[in-house]
Asks: 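Got a structure here, written out as structure tokens. Questions coming.
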Amino acid sequence: MKNIVVQKFGGTSVADTDKIKNVAKAVIKERNNGNDVVVVVSAMGHTTDYLVKMAKEISENPSSREMDMLLSTGEGVSIALLSMALQAQGCPAVSMNAIQVGIMTEKVHSKARIINIKTDKIRRHLDKGEVVVVAGFQGVTDDLEITTLGRGGSDTSAVALAGALNAIRCDIYTDVEGVYTTDPRVVPNASRLDEISYEEMLELARVGANVLHPRAVETAKQYKVPLRVRSTFKLDNLGTLILGVDEMELHRPVSGVASDLSQLRIVVCDVKDNPGTAAVLFNGLANENISVDMIIQSYARKALNTNDIAFTIDKGDLDKAMEILEKVKKDLEFSNVFVDDKIAKISIVGAGMIDRPGIAATMFKTLADLGINIKMISTSEIKISCIVAEDKAKEAVIGLHKVFHLDSEEIAEVKGDLPPEV
Ligand code: ADP
Ligand code: ASP
Ligand code: MG
């Protein structure tokens, strides 16, 4: 039996028919190495954005079921065209959507999790010598409802398939040459990392480095899938390898900086300072599948027996969240709700910050020196995030990138050497 390699190509890699022909060449190159190849593709170029735009022109609040029906069509176009391109170049190939494969998900529209992937049909085609081209981003429930995995979710389709097929590698081909210390389109002297741990990559993906979908990294870690991010347009470059933290040396306290403009902050004022208040509020949000990221509860005003609770959610969940707040108003007896949608979450991530004091202080001082006010803070073992005003995001990222010695000329000096002082 041959080894299986899963290759995933994102939207820019399949943006037009010439690019699709180019992707076919990359697939054939991998197949010529003697491996069985399963390819996962995204929708062409900005197709998914265009589909969202059309839906919004038809309805202000389209149902999530119909949104999934609509958005899943983009990937359907790419798989058929790539399969044709492979056949035209003499490579036997077959395209399959999520129903045909059996990419089974939970019954949640727009951000479903994969529960299980059936592999028998794929294996039958691989055994016939065919390349199997699978639609990313989509799934199906056990009662044949179409779901999608969340924006950017094709990465997760690829890694989950690699796990299910016991692939020797999952290569995520994209429009940059790997994982960088920050978005190279925002900071041109960002440095490409040769390797990064699953843990750091997971935090970076969660805090806005959209080069990988967070659940793809989670799945890779869980199933120990060797994962690489590399360039579609420079096939010989190996890009960035994502691997276990115990397998790498920690040269640096901070590995990356990211910004996320997709959230907004809601402040609920003067809620009763009683047991159960937070439970009522956040249960209500959870029941509507709204993920809450940061939460801050202010120091109770004893005389009034009230508190303020501030939290952040995705901008797209605002309408649903406001409906929930309306429903719980009589229980929580709050006075006011403020919405601040001009915020950015700026984060630094690094496994090397564990047991190294002073990293948070350096971050706060850097922002202070730039005159940037911090509205909320949250930390985990290997991450510190601050909410700042949206129009300060770029300045904050550039400042932090510099202070933590991540600019390309500095990284080149540090590799293989002692960690830099911060
Ligand atoms: P694809 O369509 O291939 O899935 P994406 O647009 O989802 O591509 O992801 C690639 C983009 O991620 C890059 O073009 C880059 O602008 C952005 N990005 C954000 N943070 C990083 C980072 N730390 N390293 C590399 N790319 C990043
Ligand atoms: N086409 C989907 C999106 O644009 C999925 C993906 O590209 O990963 O979000
Ligand atoms: Mg992507």
Side-chain angles (χ1 to χ4, degrees), residues 7-15 19 23 26 39-53 67-68 70-79 98 110-112 134-139 147-160 171-196 200-217 228-233 237 239-240 242 254-262 316 346-350 393-394 397 400-401 406 408 411:
Q7 298 180 302
K8 180 257 168 179
F9 295 88
T12 32
S13 307
V14 292
K19 292 208 167 89
V23 164
V39 190
V40 173
V41 274
S42 297
M44 292 171 70
H46 298 290
T47 302
T48 314
D49 291 334
Y50 176 63
L51 294 171
V52 171
K53 181 169 169 281
M67 278 307 280
D68 277 357
L70 178 68
L71 298 196
S72 61
T73 61
E75 273 65 16
V77 174
S78 313
I79 52 169
S110 86
K111 43 187 164 188
V134 179
F137 183 49
Q138 41 176 267
T147 55
T148 60
L149 310 181
R151 295 301 307 270
S154 295
D155 299 335
T156 301
S157 312
V159 176
D171 285 342
I172 306 286
Y173 287 86
T174 185
D175 56 358
V176 287
E177 284 176 47
V179 178
Y180 283 70
T181 47
T182 193
D183 188 339
R185 297 190 194 285
V186 178
V187 180
N189 64 349
S191 328
R192 187 185 55 76
L193 300 168
D194 290 335
E195 43 186 49
I196 186 168
E200 289 170 300
M201 190 62 237
L202 183 53
E203 288 283 17
L204 272 178
R206 282 185 181 145
V207 296
N210 57 350
V211 63
L212 277 178
H213 194 238
R215 282 216 301 285
V217 188
R228 227 176 234 293
V229 176
R230 57 200 297 182
S231 165
T232 308
F233 307 106
N237 291 8
T240 302
I242 293 113
V254 173
S255 292
V257 184
S259 67
D260 180 359
L261 306 188
S262 68
I346 309 296
S347 308
I348 57 171
V349 172
K394 189 169 175 181
V397 169
L400 292 167
H401 195 263
L406 298 174
S408 44
I411 278 261

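These values consider heavy atoms only, across backbone and side chains, with no hydrogens, waters or symmetry-generated copies. Every number for a ligand or one of its atoms is a count from 1 in the order of the listing. Note that the structure is predicted; figures quoted are calculated from it, not measured.
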Asks: What is the nearest protein non-hydrogen atom to atom 6 (C) of ligand 2, stated with its residue, atom name and distance?
Replies: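 Its nearest protein heavy-atom neighbour is Ser154 OG, 3.4 Å.
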
Asks: Hey, is ligand 1 close enough to Gly11 that some N/O pair sits below 3.5 Å?
Replies: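 Yes, Gly11 has an N/O under 3.5 Å of an N/O on ligand 1.
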
Asks: State whether the shortest distance between N or O atoms of Thr48 and N or O atoms of ligand 2 falls below 3.5 angstrom.
Replies: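 Yes: some nitrogen or oxygen of Thr48 is under 3.5 Å from one in ligand 2.
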
Asks: Should the pair Asp175-Lys19 be classified as a salt bridge under the 4.0 Å nitrogen-to-oxygen rule?
Replies: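 Not counted as a salt bridge, because no side-chain N and carboxylate O are separated by less than 4.0 Å.
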
Asks: Which atoms of ligand 1 are found less than 4.0 Å from any heavy atom of Tyr180?
Replies: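 Going through ligand 1 atom by atom, the ones under 4.0 Å from Tyr180 are 22 (C), 23 (N), 24 (N), 25 (C).
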
Asks: Kindly compute the distance separating CZ (Arg206) from CG (Asp260), expressed to the nearest 0.5 Å.
Replies: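 It is 13.0 Å, given to the nearest 0.5 Å.
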
Asks: So is there a nitrogen or oxygen of Arg185 less than 3.5 Å from a nitrogen or oxygen in ligand 1?
Replies: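 The answer is yes, given that Arg185 and ligand 1 share an N or O pair closer than 3.5 Å.
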
Asks: Specify the protein heavy atom at minimum distance from atom 8 (O) of ligand 1: its residue, its atom name, and the distance to 0.1 Å.
Replies: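 Of every protein heavy atom, Thr174 OG1, 3.2 Å lies nearest to atom 8 (O) of ligand 1.
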
Asks: Measuring from the heavy atoms of Gly10, does anything fall under 4.0 Å of ligand 2?
Replies: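 Checking ligand 2 against Gly10, which is what was asked, there is no heavy-atom contact under 4.0 Å.
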
Asks: A side-chain contact here means heavy atoms from C-beta on lying under 4.5 Å apart; do Leu51 and Thr47 qualify?
Replies: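 When only atoms from C-beta onward are counted, Thr47 and Leu51 do touch, with a gap below 4.5 Å.
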
Asks: With heavy atoms under 4.0 Å as the rule, classify the contact between Thr182 and ligand 1 as side chain, backbone, both or neither.
Replies: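 Backbone only.
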
Asks: Would you name the heavy atoms of Phe9 and Ala26 that are closest together and state the gap between them?
Replies: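 Closest approach of Phe9 to Ala26, heavy atoms only: CZ-CB, 4.0 Å.
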
Asks: Starting from atom 7 (O) of ligand 2, what is the nearest protein heavy atom, named by residue and atom, and what distance separates them?
Replies: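 Sorting protein heavy atoms by distance from atom 7 (O) of ligand 2 puts Ser42 OG, 3.2 Å first.
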
Asks: Check each heavy atom of Glu75 against ligand 2 and say whether those closer than 4.0 Å belong to the side chain, the backbone, both or neither.
Replies: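 The answer is the side chain.
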
Asks: Please confirm whether Asp183 comes within less than 3.5 Å of ligand 1 when only nitrogen or oxygen atoms on both sides are compared.
Replies: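 Yes, there is a polar N/O contact under 3.5 Å.
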
Asks: Supply the atom-to-atom distance Asn210 CG to Asp183 CG, rounded to the nearest 0.5 angstrom.
Replies: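 Reported to 0.5 Å precision, the distance equals 6.5 Å.
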
Asks: Give me the residue, atom name and distance of the protein heavy atom closest to atom 27 (C) of ligand 1.
Replies: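 That would be Val211 CB, 3.6 Å.
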
Asks: Do Phe137 and Thr48 come within less than 4.5 Å of each other through their side chains, counting heavy atoms only?
Replies: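 Result yes, sub-4.5 Å side-chain heavy-atom pair found.
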
Asks: Mind checking whether Asp175 has an N or O less than 3.5 Å away from an N or O of ligand 1?
Replies: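 So ligand 1 has an N or O lying under 3.5 Å from an N or O of Asp175.
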
Asks: Distance from Met67 atom CE to Ser110 atom OG, nearest 0.5 Å?
Replies: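 Met67 CE to Ser110 OG: 8.5 Å, rounded to 0.5 Å.
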
Asks: Quick one: nearest non-hydrogen protein atom to atom 17 (C) of ligand 1, plus distance?
Replies: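 Of every protein heavy atom, Asn210 OD1, 3.3 Å lies nearest to atom 17 (C) of ligand 1.
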
Asks: Which residue supplies the protein heavy atom nearest to atom 3 (C) of ligand 2, what is that atom called, and how far is it?
Replies: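 Looking at atom 3 (C) of ligand 2, the protein heavy atom closest to it is Arg151 NE, 3.3 Å.
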
Asks: Which atoms of ligand 1 are found less than 4.0 Å from any heavy atom of Val179?
Replies: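 Close to Val179: 24 (N).
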
Asks: Would you kindly specify which portion of Val176 sits under 4.0 Å from ligand 1, judged on non-hydrogen atoms: side chain, backbone, both or neither?
Replies: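 The part of Val176 near ligand 1 is the side chain, not the backbone.
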
Asks: Is Val40 close to Ser157 at the side-chain level, that is, under 4.5 Å between some pair of heavy atoms?
Replies: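 With C-beta onward as the side chain, the pair touches.
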
Asks: Below 4.0 Å, non-hydrogen atoms only: which portion of Pro184 touches ligand 1? Side chain, backbone, both or neither.
Replies: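 The answer is the side chain.
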
Asks: When you compare ligand 2 with Gly152, is there at least one nitrogen or oxygen pair between them that comes in under 3.5 angstrom?
Replies: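 So ligand 2 has an N or O lying under 3.5 Å from an N or O of Gly152.
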
Asks: Considering Gly45, Ala15, Gly178, which one's heavy-atom position lies nearest to atom 25 (C) of ligand 1?
Replies: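 The option holding the nearest heavy atom is Gly178.
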
Asks: Applying salt bridge (Lys or Arg N to Asp or Glu O under 4.0 Å), can you list everything that pairs with Arg151, at least two apart in sequence or on another chain?
Replies: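 Salt bridge (Lys or Arg N to Asp or Glu O under 4.0 Å) check on Arg151 returns Asp49.
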
Asks: Are Asp68 and Thr148 linked by a side-chain donor-acceptor pair shorter than 3.5 Å?
Replies: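 Yes.
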
Asks: Could you tell me which non-hydrogen atom of Ser408 sits nearest to which non-hydrogen atom of Ala190, and how far apart they are?
Replies: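 So the minimum-distance heavy-atom pair works out to CB-O, 4.2 Å.
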
Asks: If we set the cut-off at 4.0 Å for heavy atoms, which region of Lys8 has an atom near ligand 1: side chain, backbone, both, or neither?
Replies: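 The side chain, only.
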
Asks: Nearest 0.5 angstrom please: His401 NE2 to Ile348 CD1, how far?
Replies: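 Taking NE2 in His401 and CD1 in Ile348, the distance rounds to 12.0 Å.
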
Asks: Is there a side-chain contact between Asp155 and Lys8 (heavy atoms, below 4.5 Å)?
Replies: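 Side-chain contact under 4.5 Å: yes.
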
